Amino acid sequence: MDFKEIEKKWQKRWQEAHAFEPDVGRGKKFFLTVPYPYMSGSLHIGHGRTFTIGDIIARFKRLEGYNVLFPMAFHVTGTPVLAIADAIRNGDEKVLTLYRDYLRIYESDEKRVEELLRSFVEPENIANYFAEKAIEDFLSMGYSIDWRRKFNTAEPIYNRFVEWQFKKLYEKGVIKKGKYPITFSPVDGNPVGEDDIADGDTDKVSIMEFTAIKFGYEDGYLVAATLRPETIFGVTNLWINPEGEYCKVHVNDEIWYISREAAEKLKYQKEGVSVEKCVPGTYFIGKFAKEPVHGREVPILPAEFVDVDNATGVVYSVPAHAPYDYQALEDLKKDAAYMKKFNLSEEMVKKIEPIKIIDIKGYDMPARDICKKMGITNQNDPRLEEATQVIYKDEFYSGVLNEKCGEFAGIKIKEIKDEVKTWLKNMGRGDVFYETSRKAVTRNGHKVIVAVLQEQWFIDYSQKWWKELGHKAVERMLFYPEKYREMMHGIIDWLNRRPCARKRGLGTRFPWNKEWIIESLSDSTIYMAFYTVAHIIRGSNIKPEQLTEALFDYVFLGIGTLEEVSEETGIPIDVIEKMRSEFTYWYPNDQRHTAPAHMSNHLAFFIMHHTAIFPEEHWPGGITLNGLMIREGAKISKSKGNVIPLAHISSRYGVDLFRLYCAVASDLDTVMDWKESEVASLRRRFERLATILEESLNSETLAEKNHYDRWLLSRFYRRYSESIEMFRGMRIRDAMLNMLFHFMNDLRYYEKHAGEERRKKIVREIMEDWLKILTPVIPHLTEEFWHRLGHESFISLETLSPPREEYIDLQIEREMEYVDNVIEDIREILEVARLQPTKIYIYTAPDWMWKVFDAIKNATPKDAMRLAMQSGVDVNKGEIAKFVKRMLKEKIQYITLNEQKVLEREKDVIEREIGAKIEINAEYDPKHKRSLALPLKPAIYVE
RNA sequence: GCGGGGGUUGCCGAGCCAGGUCAAAGGCGACAGACUCAAGAUCUGUUCCCGUAGGGGUUCGCCGGUUCGAAUCCGGCCCUCCGCACCA
């Protein structure tokens, strides 16, 4: 069979017939979405898993009789394609090579490749080209998508929709403006994300908030930074790096003294910062500054451990609780020459004693204790970092501020930290200084600092009413796997304010400030609603400017009147009515299927924005998720060179085979490994299926049914019925394993007993039902056979037949199981006893045993003996007791069965399997085996 | 750090949520046999250990607990994977 030809044929026929373009109002509906892909390149098999599962769900829902809408669009919002276009314009060889490779997936003419590549200097061209190719890819995968509704997120009509969304959010009071710290590259003049930072993916850079504490000094403040503001009560001195350079900085109307590096950073963190002059660190050493709490004069001392490029470059010393401070002070006290170098009075330095301000069990003077314990003897010992961590943790969780801390005395550190911070700020002596969690540079080697955006726009998710709505929605939704429900509750709790606009990128301009572009995740939260009307907007030639707030209010929220809206927009009443009815028919989005990576951003926003904007009946119905796809154990990535484009699936593997692999290779929730060896063995299985189906095409059905037929039909319809339930419960893998692997094993078993010819007939008997249950996963093959059977309709649009319960016959299945058990027992005996049989005798249990068995069939082990004795059989009590004990031990499940009859019937089969003659219940019993027989477990004697 | 998973017999991977019928599905691999000139495909059987009669023994990350009984429930420990805000 030419699978490729079959694929193409049916894809074309579906398209020509507009098979998957559903209209409003045909019975119960199901609206399924999968997030649109970002179009910066071609799609590969990793993406393919999610879309394929989505399509399988859509197709199964059609089988169940739903009117299914499965739309798709393209995401082009954001900066990546801009960066790519820039790189191409600048002749970046790596990017050129990458995109040349992408183009060669689709283009065979090298001249055309170069031509297209040159066009990619325009970001829109990249997005448009790959979006167009993605449609081809999706079509070639047999996805049942309604393409009439496609759009991309840079289109004016979509921009209007996003603007509307933001207006709605603004009305709810969740769009806000404020300051926000971000990682930033001063050289590039841009914010930097994880992707822009060298090793950012493996070694994350986070933003640390230091408390800057102002120590009175000359005409201003010497500003020390700390992560432990509560230790201010224990300050004994300040540390300055004598090798560093420090500057006098005007911060609005204040004067700060901080390191040169810190001054540079501060310019990006505060407004009104200017540097007056800089001097060497030595300039300050030996002088005094006033600590802010009591105004004590504390000396400024030299320390090499101070990093001028970390926070303000000024450190205040708390030798009682900070190991670095303790050790630096000890070092200094011992080094007379060093003190002399800086003209420090030895007496003054030696007088400095740690001030203990935190009481904690197990420590006398924490910093000293730990340095002694670890054997640290100088301030350059790298283990000081570890010591600091230990003390910090211990004090944070179990330390209590003591009487030296004024109003904060007696309170645990973890409860008081933030209050001390606020207290200092309110006194005008505390401020915030942001620093990166580690030294970082961009991929181009430019320094990364923390900058504070002064006028950042946010969506404020922190509001209580909103979170409550979010939780309520999550509670009502379907989640599969179920564990993600709890996770989503957690994410909603954690959501805070999120910047929603940036200065660069493609997308929608921010309605209240056109310099800003709405950020790419914030513009993709409720767009499923747009699918319901996109084709009407396009089909009726509605201009972007006609898409007013009033129009969308009417269509999506039912606010206003048709007449008013029609008058305002100039859109005919019937068109607006159509839009409104499309929306109300299709909404809510019943199921959204994607990957778990989207949980904490997109999916959370998806839920939250729906709850803020739409009434409850239009909130999302459910979220289903599938894990990542990897290849031969490795992550799929361009850099690894192990990418298989979706466009190559058809020729390299076959689409149905790929879809089948997606369905059965692993559960939805687990990582799926694309392994060539597994694919190959699945291919054999798939081709075997095709052969079996093909062989039955022209076969007659069975005129009369024997017990083997009844057995097979029973197995089939039981599996069929189970699989429908599995599909409903999103257990796609189990459903398919059942209908394919397990049922094909049944067929093999059947063929062994009933023969090949009969198999062909019985397959013909169940073929329509079999094809239907398989069609969501392997639509092309099933469509082909469906039509070869003479059907005119598309199987893709057929409805499942109800399982034929009348065929499900547990008795017949048990009988076969019984026979198999007998065969297996004989085999085991032959093997263990190493016998070459000449003849085998089988003895079934006597009638009285069956009577007792029947009496105790539902009994608990406790009651069994009593019931057995009361069963009224005329056998000696000891016999009965012995029998009951054996039965309890063997744990034989009760079924009614005439053993002798079944064995007689299957005699030929057993003899063939064993390769020896058998005799049932013969008088001959030389080894007295007959007495070992139990119901359903006959005694066996081999000669 | 915060949050969420997972550790099962050669490998992959079910089962564990609703404890017993679990030596534990299915696939792959391996071995033996049938078919074939041969190979491949297909089919049959075996694949934790012991066993000359259908039996017994030891397993489901480690330690302990609950129970008549635990891969399955509870507690602790070790290891591992994933997500974490301006990035689509």
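Note that the structure is a prediction, hence the values are computed from the model and not measured.
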In whole angstroms, how far is the [atom2] atom of [N] from the [atom1] atom of [X]?
{"X": "Ile492(A)", "N": "A85(B)", "atom1": "CD1", "atom2": "P", "value": "18 Å"}
{"X": "Phe605(A)", "N": "A88(B)", "atom1": "CZ", "atom2": "P", "value": "12 Å"}
{"X": "Arg504(A)", "N": "A88(B)", "atom1": "CZ", "atom2": "C1'", "value": "14 Å"}
{"X": "Glu632(A)", "N": "C11(B)", "atom1": "CD", "atom2": "C1'", "value": "13 Å"}
{"X": "Asn496(A)", "N": "C2(B)", "atom1": "CG", "atom2": "P", "value": "18 Å"}
{"X": "Asp667(A)", "N": "G13(B)", "atom1": "CG", "atom2": "C1'", "value": "9 Å"}
{"X": "Ile914(A)", "N": "G33(B)", "atom1": "CD1", "atom2": "P", "value": "20 Å"}
{"X": "Leu689(A)", "N": "U42(B)", "atom1": "CG", "atom2": "C1'", "value": "15 Å"}

So what's [N] paired with, Watson-Crick or G-U wobble, going by both distances under 3.5 Å?
{"N": "U21(B)", "result": "none"}
{"N": "G1(B)", "result": "C84(B)"}
{"N": "U58(B)", "result": "none"}
{"N": "G10(B)", "result": "C28(B)"}
{"N": "G33(B)", "result": "C43(B)"}

In whole Å, measure the gap between the [atom1] atoms of [N] and [M] for me.
{"N": "C48(B)", "M": "U44(B)", "atom1": "C1'", "value": "23 Å"}
{"N": "A41(B)", "M": "U36(B)", "atom1": "C1'", "value": "11 Å"}
{"N": "C77(B)", "M": "G29(B)", "atom1": "C1'", "value": "35 Å"}
{"N": "G40(B)", "M": "G57(B)", "atom1": "C1'", "value": "42 Å"}
{"N": "G51(B)", "M": "A30(B)", "atom1": "C1'", "value": "24 Å"}
{"N": "U21(B)", "M": "G65(B)", "atom1": "P", "value": "22 Å"}
{"N": "G19(B)", "M": "A70(B)", "atom1": "P", "value": "14 Å"}
{"N": "C49(B)", "M": "G5(B)", "atom1": "C1'", "value": "34 Å"}

Identify which nucleotide among [options] has an atom closest to any side-chain atom of [X], counting heavy atoms from C-beta outward.
{"X": "Arg688(A)", "options": "C43(B), A88(B), G5(B)", "answer": "C43(B)"}
{"X": "Glu519(A)", "options": "G45(B), A88(B), A85(B)", "answer": "A88(B)"}
{"X": "Pro80(A)", "options": "A88(B), G54(B), G4(B)", "answer": "A88(B)"}

How would you list, by chain and number, every residue that makes a ring pair (Phe, Tyr, Trp, His ring centres under 6.0 Å) with [X], sequence neighbours excluded?
{"X": "Tyr102(A)", "result": "Tyr99(A), Phe130(A)"}
{"X": "Tyr818(A)", "result": "none"}
{"X": "Phe727(A)", "result": "Phe60(A)"}
{"X": "Tyr268(A)", "result": "Phe184(A)"}

Next item on the list: State which residues pass side-chain contact (heavy atoms from CB on, under 4.5 Å) with Ser185(A); sequence neighbours excluded, sorted by chain then number.
Entry: Val187(A), Asp188(A), Val192(A), Thr442(A), His446(A)

Checklist line | side-chain contact (heavy atoms from CB on, under 4.5 Å) against Glu751(A), all qualifying residues, sequence neighbours excluded | finding: Arg688(A), Glu756(A), Arg759(A)

Check: Closest nucleotide of RNA chain B for Glu828(A) versus for Ile207(A): which of these residues is on the 5' side?
Finding: Glu828(A)

Next item on the list: Could you check Met487(A) against Ala933(A) and say which one's nearest nucleotide on RNA chain B is further toward the 5' end?
Entry: Met487(A)

Which part of the nucleic acid does [X] contact within heavy-atom distance under 4.0 Å: base, sugar-phosphate only, or nothing?
{"X": "Lys927(A)", "result": "nothing"}
{"X": "Ala665(A)", "result": "nothing"}
{"X": "Thr79(A)", "result": "sugar-phosphate"}
{"X": "Ser524(A)", "result": "nothing"}
{"X": "Pro35(A)", "result": "nothing"}
{"X": "Tyr484(A)", "result": "nothing"}
{"X": "Val822(A)", "result": "nothing"}
{"X": "Val942(A)", "result": "base"}
{"X": "Leu521(A)", "result": "base"}
{"X": "Asp673(A)", "result": "nothing"}

Indicate, with yes or no, if the rings of [X] and [Y] have centres closer together than 6.0 Å.
{"X": "Tyr749(A)", "Y": "His753(A)", "answer": "yes"}
{"X": "Trp674(A)", "Y": "Phe658(A)", "answer": "yes"}
{"X": "Tyr841(A)", "Y": "Tyr924(A)", "answer": "yes"}

Next item on the list: Can you check each nucleotide of nucleotides 23-30 of chain B against protein heavy atoms at under 4.0 Å and return B for base, S for sugar-phosphate only, - for none, in 5' to 3' order?
Entry: ---SSS--

Item checked: Parallel, tilted or perpendicular, as decided by the 30° and 60° cut-offs, for the rings of Phe605(A) and His609(A) -> tilted

Margin query: Per the salt bridge (charged side-chain N to carboxylate O under 4.0 Å, His left out) rule, what does the pair list look like for residues 448-459 of chain A, sequence neighbours excluded?
Written below: Lys177(A)-Glu455(A)

Check: Does Arg502(A) put a side-chain nitrogen or oxygen below 4.0 Å from OP1 or OP2 of C87(B)?
Finding: yes

Margin query: For Tyr158(A), give me all partners under side-chain hydrogen bond (donor to acceptor under 3.5 Å, both in side chains), at least two apart in sequence or on another chain.
Written below: Tyr36(A)

Item checked: Stepwise salt bridge (Lys or Arg N to Asp or Glu O under 4.0 Å) test for Lys483(A) and Asp669(A) -> CA-CA 10 Å; Lys483(A) 68 177 185 192; Asp669(A) 192 30; 2.8 Å; yes

Checklist line | Criterion side chain to side chain contact (heavy atoms under 4.5 Å, CB included) against Glu486(A), the qualifying member of His489(A), Met488(A), Glu482(A) | finding: His489(A)

Measure all distances between protein nitrogen or oxygen atoms and nitrogen or oxygen atoms of nucleotides 82-84 of chain B, and list the pairs falling under 3.5 Å.
| residue | atom | partner | partner atom | Å |
| --- | --- | --- | --- | --- |
| G83(B) | O2' | Ser600(A) | OG | 3.1 |

Margin query: Short of 4.0 Å, heavy atom to strand atom, which residues of residues 36-44 of chain A count as contacting RNA chain B?
Written below: Tyr38(A)

Next item on the list: Taking salt bridge (charged side-chain N to carboxylate O under 4.0 Å, His left out) as the test, write out the residues that go with Lys937(A), two or more places apart.
Entry: Asp825(A)

